[in-house]
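Just so we're on the same page: letters track the sequence lines, and every chain starts at 1. Bear in mind that the values here come from a model prediction, so they are computed numbers and not experimental data. Any value given below was found using the heavy atoms of this structure, including those in side chains, with hydrogens, waters and symmetry copies removed.
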Amino acid sequence: MNKLTVTIDNQTFEVEVAPNRTAPGEYAVIVDGAPLTVYVPDHDRPELADWMIVDSRPYELLMPSDLSSVQTYNGRYAVTVRDQETHSVRPNVGDGRVKAPIPGLIARLHVDVGQAVEGGQSLLVLEAMKMENEIRAPKSGVVRQVVVKPGQTVTLGELLLEVE
Amino acid sequence: MNKLTVTIDNQTFEVEVAPNRTAPGEYAVIVDGAPLTVYVPDHDRPELADWMIVDSRPYELLMPSDLSSVQTYNGRYAVTVRDQETHSVRPNVGDGRVKAPIPGLIARLHVDVGQAVEGGQSLLVLEAMKMENEIRAPKSGVVRQVVVKPGQTVTLGELLLEVE
Amino acid sequence: MFKKILIANRGEIATRITRTCREMGIETVALYTRSDRDSLHVRLASEAVQLQSPLRYAADDEILEIAQRCGADAIHPGYGFLAEEAGFIARCQQAGVVFIGPPPAVIAAVRDKLGAMERVQAAGYRVPNFIDLPDEIVEAEAMAAQAAQIGYPLIVKSARGGRGRGARVVMEPARLAEYVAAARREAMMIYGDDHVYLERAIAPSHYVVVQVLGDRFGNLVHLGEREGSLLRHNQKLIEESPAPSLDDKQRQELWRTALEVAELFGFENTGAVEFLVDGAGNFYFTEIKGRIQIEHGVSEMVTGVDIVREQIRIAAGEPLNRTQAEIPLQGWAMQCRINAEDPWNDYLPSPGRLTRFRLPQGPGVRIDSYGYVGCQIPQRFDPLLANLIVKGENRADCVARLARALGEFRVVGVETNIPLHQQIVREPSFVSGDYDTSFISRFRFDRHNRAEATRRDLAAIMAVAYALRRRIAAPVTPDQVKTGWHRSARRLPS
Amino acid sequence: MFKKILIANRGEIATRITRTCREMGIETVALYTRSDRDSLHVRLASEAVQLQSPLRYAADDEILEIAQRCGADAIHPGYGFLAEEAGFIARCQQAGVVFIGPPPAVIAAVRDKLGAMERVQAAGYRVPNFIDLPDEIVEAEAMAAQAAQIGYPLIVKSARGGRGRGARVVMEPARLAEYVAAARREAMMIYGDDHVYLERAIAPSHYVVVQVLGDRFGNLVHLGEREGSLLRHNQKLIEESPAPSLDDKQRQELWRTALEVAELFGFENTGAVEFLVDGAGNFYFTEIKGRIQIEHGVSEMVTGVDIVREQIRIAAGEPLNRTQAEIPLQGWAMQCRINAEDPWNDYLPSPGRLTRFRLPQGPGVRIDSYGYVGCQIPQRFDPLLANLIVKGENRADCVARLARALGEFRVVGVETNIPLHQQIVREPSFVSGDYDTSFISRFRFDRHNRAEATRRDLAAIMAVAYALRRRIAAPVTPDQVKTGWHRSARRLPS
């Protein structure tokens, strides 16, 4: 039995979840005290497990592996899942290391090492798919290092610069 | 270099095929003396290798693993591929053992053990997808054994009966 | 308007109905069996309930109970299963659940194929010669005596099913008893009733139906006609609208007749008034289908009317929101039924999991299917996997578009009849529109009239495919080539 | 008619053009770069040639050479790249290859955005206030002096590109120099020419264009209008036809004006005459696009005309085969541009391999895309992945259908803006049709007005997803739960 705090859009739920040992793919879930049965039809084929049935209500689902959102027939919902037995299940972000969110070409650099920046300030422009994409500071601080130069091609996740 | 005899619909070609050692995915092919270059764009991902480019002509392809046909944008072509270094590359069929070509229910049996049958004669009726499917004798002979009974469910490839 | 509709069907038609309900803001209850659970009609529903009865989608009591339990205020039957069961419709009415279709009295009248023909004949319209074949006639001689009154060739038809499944053409007296027995058996299997009748075959002929819409206030309109003469074993392969076999004068007369016949039956909701057209252009009423048909999309394409939406609106008691003059007939539409079956292996059904399912796209192309990549196509049910419907400005554009769309449509995981359709749409008699019900019997498979240059390219391709498979099956080393490789290749799953 | 057409483009438009060529029986030559090779436009072509020049699809010399080598008798440029390059068109003519588009003199006239506005103004039609900003004006003061003549807010536009990429709105003098520099840079990058001009912004307003077709015999017709007021950063997100912002009287006047303006330029082939409509209903000519546009399918849906087919026919010297009266405008159509980008992460482009690509199906839905399951979406090019086009009997049906189709459309492997479109099509101002170019700036992301019952279900679902992932990442044993598991979970690719 996992005790979780789940936020969907702006609403937070206390959720307990436990697999039904006698019915594979079925989970007994209690949301804010109300019991629900969640069935994972393709539980034996995780690569196809893109839908679930809550009581009798089917939901097609798309979600990133960090469970930070979910897309259904009706659109996208912002999600956070917190395991009450641990502090956080989300990857630790915002440590100031700015990585390329997409492969591309460094078109322009707006900051130098040692420069003070404010959170949200434009750090550089990454050109990809014929678009100029501004990369902004994740937090206020000082630029500690700049790893890339204009004209340089970067790959996904490559460290660009660091704000301290 | 493989020497093959390839029949497409009703036309037979003598074909030699050799991989280009310096260009991965590229094959030098000689068809009835005429040289062609065949490129397999997804040669490094065989599960996606469903198209090839002949000289500059792309072909999308669907083919069974026994290479007995090929479907392209323009339709289906009957195929035989014979390796001149061996007798046959096609699985040995027609040995008289009649197997279920589809899972289903034995609706009716038309023959008994010991009965003489002619090639093409109806042996039994297999019900599947709300259709009655007649299963016919692969060759003339005598029914040696009948493995199934009416009302029985059979799986794909299950032995039904044998004609000797 | 309804809040929630239970859709008592499966596959492409259940998915099709779900789509319109979604657009109308109506919740849906889907039904499914274990083997059918992957279908899009389940995934796209607001609620989904697994059927327990072995009767599956024909489990009338269970389905009505589910509708009540889920709070559905209406049931859409689709086609087949519970679509034309007067008893079921009456039980729905008693239970306070609206049945989306004609009222039970209308259904009873049109499902009585013999009575319907008699009524239409009595009203002065032409019908084929026919004669009842009551159950008590089981001796070959007695059958032959009945048959002699209408002559050969004739068709044995289910009194409940009419044309379609279970119907059998008898060319000569010697086969009559055998075919009647088979037709009775199949009618029992499909319709639960082995009552059959004999009808003089008008063959070759044209199968033409007029789609009608009628509300409960007596307003009745048609949505043009469809031709479905391209059949194999009484199953339509391709349908089109307008009918290429009719000229404009015949067309007008057919529409008028269809509306008059529908009025004879007090017809309500949607249905198709069906006719045979002989070589001389005479048309013969055969039956009224009191339900939506697989090929309804063809009429939707030429009229712009969503027939399922109109069915729902009419069942909810709304009047038709258009007059005949407000229903333009524009362009030309055709539909290919894409079946999971193998035409090169006796049309055996081909269940399996779809590993590729690339739909054709672009202008004038519509797909109605329950499939998607990853979907398991069940073996238990009808092999219809998808309706491919295209529209063009005229018939020539429409045929070219259909050929283009078939070429783009790629399915891996099951065999399909797409290559068969590809051959049909290139047949000169199909391209010219000059075909009738004898088309398939005259159709030669694998006509080898294709470009030699393509065959040469394909020979090269198949040689490379052979070389690739050899490498995948077992990395080639000189030893293996000479010794055991070919045996291992034979063990590959085919 | 042409035997073989080289399609000098990529992605959805190249695929779109290929489809019509297939239907016309015309062979095609596709071009591709290494990163673009998976695209459907390559797979569906009769021939495909890999581009060598780093200019890629803008490599005019290489492309003309390929056309000649392959024996193509015509080139279709699609949009962008070589679509409106008068010099290239002239070189095609000299080489004996037909360019499918307007003649070079017409292109030169309409690409000269300043000259075109002057000409239309001189003919008595309303245009926005504008002023040239020659290259030699680089000082902020000089710029400000020019700008002061037309007033703020104003738009900096590329003299070659017009509205769209590179255009920038300037609200106050302080930002003018900065924005002009940025616009010049982007104009150089996109169009190879940094000439810009200033135009008084009419904002909020409506962007309305009239699609026209003209043959070389002087026949000119329109295919109704489209509204494209729903923009983000000058990129249209949703287009529709008819324009909801116009009444029938305005519509008629707009059509007449568009045809008169097109005639002013001796317009030939297909194009769009573009207007801004202010809050008072006055419309201002802004430019003529001398090419097919991304959103042409919307006009195809309401007219039934295949615009690409007409382009090809006109370029082949055929006269228009219909009069204005023979072009019915029926129903309502809308298009969503589905981009491979992440609206929840600053709209960053999202290249990747499509592992799911489930298209919406059913009545009134059309998809134009180059994608399919297994296709690699490249990073180098425009993020446009698919045009989703739907048609309904009226605007309300069309909006409902669009919402339904967006819900069915499932893409895995790249992020898309589908969820953004889903929010937009439920916004009251969009649903009512009462929106203008200020829509996106007033649009609030993630408006939380959805059913609480759904949120509760999703909370349960996310809890199960969490439990499932935990099991997949590492089978749960009591030890692992308490010790190291959460660290390993963080190492999952996100």
Asker: Which atoms of D/N345 come close to chain A, meaning under 4.5 Å heavy atom to heavy atom: side chain ones, backbone ones, both, or neither?
Answerer: side chain
Asker: How many angstroms lie between CG in D/L348 and CD1 in A/I135, if you round to the nearest 0.5 Å?
Answerer: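 D/L348 CG to A/I135 CD1: 5.5 Å, rounded to 0.5 Å.
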Asker: Enter the distance from A/R76:CZ to D/E415:CD here, rounded to the nearest 0.5 Å.
Answerer: 8.0 Å
Asker: What's the separation between atom OG1 in A/T153 and atom CD in D/Q379, rounded to the nearest 0.5 Å?
Answerer: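 Here the rounded value is 8.0 Å.
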Asker: Taking every non-hydrogen pair under 4.5 Å, which of A/Q11, A/M63, A/M52 racks up the most with chain D?
Answerer: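 Of the options given, most contacts go to A/Q11.
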Asker: The criterion is ring-ring contact (aromatic ring centres under 6.0 Å, His included); which residues satisfy it with A/Y39, sequence neighbours excluded?
Answerer: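 For A/Y39, no residue satisfies ring-ring contact (aromatic ring centres under 6.0 Å, His included) once neighbours in sequence are set aside.
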Asker: If I measure from the heavy atoms of chain D, does A/T72 come under 4.5 Å with its side chain, its backbone, both, or neither?
Answerer: both
Asker: Decide yes or no for D/Y466 and A/V17: does some side-chain heavy atom of the first lie under 4.5 Å from some side-chain heavy atom of the second?
Answerer: no
Asker: Rounded to the nearest 0.5 Å, what's the gap from CG on D/D457 to CZ on A/F13? Could you check?
Answerer: 9.0 Å
Asker: If you take all heavy atoms of A/V38 and D/A460, which pair is closest and at what distance?
Answerer: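 Here A/V38 and D/A460 meet closest at CG2-CB, 3.8 Å.
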Asker: When you measure from the side chain of D/R426 to the backbone of A/N74, do you find a donor-acceptor pair of N or O atoms at a distance under 3.5 Å?
Answerer: yes
Asker: Taking the side chain as C-beta and beyond, is there a heavy-atom pair between D/R455 and A/D9 under 4.5 Å?
Answerer: yes
Asker: Which answer fits D/T355, side chain, backbone, both or neither, if we ask what part of it has an atom under 4.5 Å from a heavy atom of chain A?
Answerer: neither
Asker: Applying a heavy-atom distance below 4.5 Å, give me the residues of residues 54-62 of chain A that approach chain D, sorted by number.
Answerer: A/V54, A/R57, A/Y59, A/E60, A/L61, A/L62
Asker: Applying side chain to side chain contact (heavy atoms under 4.5 Å, CB included), run through A/V15 and D/M462 and close with a yes or a no.
Answerer: CA-CA 10 Å; A/V15 186; D/M462 296 313 292; over 6 Å; no
Asker: What option among D/R410, D/E408, D/H421 has the most heavy-atom pairs under 4.5 Å with chain A?
Answerer: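 Option with the greatest count: D/R410.
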Asker: For a quick test of reading the model, state the closest non-hydrogen atom pair linking A/Y73 to D/Q422 and the distance between them.
Answerer: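 Minimum heavy-atom separation between A/Y73 and D/Q422: O-NE2, 2.7 Å.
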